[in-house]
Amino acid sequence: METRLVKIERDAPDRETVARAGQILRDGGLVAFPTETVYGLGGDALNPDSSRKIYAAKGRPSDNPLIVHICRWEDIFRIADPVPEAAYQLAEAFWPGPLTMILAKKDCVPRETTGGLDTVAIRFPSDPIALALIEAAGGFVAAPSANASGRPSPTLAQYVLEDLDGRIDMILDGGEVGIGLESTIVDLTGERPTILRPGYVTKEMLEAVLKQVDVDRTILDGNCRLRPKAPGMRYRHYAPKGELTVIEGSPERVMAAVSQKAGAARAQGARVGIIATDETAARYRAQGIADSVKSVGSRADEEAVGRSLYRILREFDDEDVTEIYSESFSRSGFGQAIMNRLLKAAGHRVEQV
Ligand code: AMP
Ligand code: MG
């Protein structure tokens with residue numbers, strides 16, 4: 001299969017391009033498209049064959065359910081029942097946007113899409129390209145991140161092409177995404193709303209709307225014996241080719257420990273990478289302790305860090321570093337999402353200093 005890469009403007013998506021992409025989805029094909037979080041790999045969510053194709057293209061285990069993307073709030077009633085009061089409140093506050101809700105599914109949603117579950121994950125994204133495509137496709141687009149399973153989620157169309165060239169029909173290239181980490185997932189089917197995956201919409205933001213929100217304990221705790229409730233969080237999502245270690249503590253101590261460990265590893269012949277910040281990158285470079293020092297952005301700007309993290313991990317893979325040392329970030333607010341992805345990439349190898 002030939003994969004067509006088509007450029008498209010975010011602010012004024014070309015109607016003909018959107019119509020063509022929508023028709024591919026209606027015909028059971030696959031189209032990757034930008035959202036405000038990461039690029040998604042879209043298929044018709046109500047067509048079991050489309051969902052099977054998504055799993056095959058990504059090499060994703062078929063018990064790992066897909067998020068169904070909608071482009072109108074009221075479409076939630078066509079695929080979920082009941083829709084609890086909390087869903088109305090969260091939608092009012094955060095939709096369209098980077099929040100996914102888990103609700104009980106209606107029969108029209110095939111089990112192929114939900115990984116065999118009776119529940120369905122639903123998101124109403126805000127990206128204009130995504131919205132136009134979902135509408136053109138008939139309103140319900142299943143879209144996991146558009147990476148090959150085991151790679152970081154793509155923040156650029158070029159990364160989708162690297163992973164999925166020849167396996168999907170089309171890629172809509174709308175440039176770099178805004179957030180760079182996947183959506184927050186909140187389960188509304190239990191006694192209390194529970195965050196299954198942290199994202200741009202934080203626990204604090206959710207608690208400003210709903211009184212109390214639980215957090216699945218497995219999100220930041222590598223030793224936790226519990227099973228994560230989101231099936232996808234059970235998989236060792238992505239492991240860089242090099243061994244990644246996260247160093248956690250006050251910024252000065254972290255910098256000293258990263259320098260010391262990187263220098264020692266390099267002296268032993270390792271090819272060393274450092275995930276630094278704008279505040280520290282030049283100092284590591286001056287020390288000559290690493291083969292590659294990359295800044296994820298300013299420590300003061302968590303949004304920049306979130307946007308750069310996956311790109312930097314991909315770049316290290318291309319450079320064949322064998323050991324990577326990373327600075328750490330706050331475990332609260334948006335930092336919780338950043339640390340969740342970083343610790344997962346590190347297989348929870350974290351050292352406190
Ligand atoms: P991705 O599409 O790559 O962002 O991954 C989707 C995430 O949503 C995975 O971690 C899934 O396990 C999770 N998810 C999707 N549907 C459900 C559901 N019905 N219940 C719990 N988790 C879900
Ligand atoms: Mg994914």
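Whatever order the structure lists ligands and atoms in, that order sets their numbers, starting from 1. Start at 1 with the first residue, then count along the sequence.
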Are D118 and T114 packed together at the side-chain level, in the sense that at least one heavy-atom pair is separated by less than 4.5 angstrom? no
N147 near the Mg ion (ligand 2): N/O/S under 2.8 Å: no
Do R341 and E182 sit within salt-bridge range, that is, some charged N less than 4.0 Å from a carboxylate O? yes
SB check E16 R20 (cutoff 4.0 Å): no
What are the two closest heavy atoms between V160 and A32, and how far apart are they? CG1-CB, 3.7 Å
Count the heavy atoms belonging to other residues, nucleotides or ligands that lie under 6.0 Å from CZ of F140, then report whether that count exceeds 12. yes
Going by the atom numbers of ligand 1, which of them fall below 4.0 Å from some non-hydrogen atom of N64? 9 (C), 11 (C), 12 (O)
Suppose I only count heavy atoms of L117 and a 4.0 Å limit; which atoms of ligand 1 are within that range? 18 (C), 19 (N), 20 (N)
Between K229, R197, H69, E182, flag the one that comes closest to atom 1 (P) of ligand 1 by a heavy atom. R197
State the atoms of ligand 1, each with its element, that fall below the 4.0 Å cut-off from a heavy-atom position in S145. 1 (P), 2 (O), 3 (O)
If you define the side chain from C-beta out and look only at heavy atoms, does anything of R151 sit under 4.5 Å from R314? yes
Closer than 4.0 Å to some heavy atom of A121 - which atoms of ligand 1 meet that? 15 (C), 16 (N), 17 (C)
Could you see which bit of K105 sits under 4.0 Å from ligand 1, with heavy atoms only: side chain, backbone, both or neither? neither
Would you call T114 a ligand 1 contact, heavy-atom distance under 4.0 Å? no
Which ligand 1 atoms, with their elements, are less than 4.0 angstrom from a heavy-atom of I185? 7 (C), 8 (O), 13 (C)
Which heavy-atom pair separates A121 from I102 by the least distance, and what is that distance? CB-CD1, 3.6 Å
Give the atoms of ligand 1, by number and element, whose distance to some non-hydrogen atom of T119 is under 4.0 Å. 18 (C), 19 (N), 20 (N)
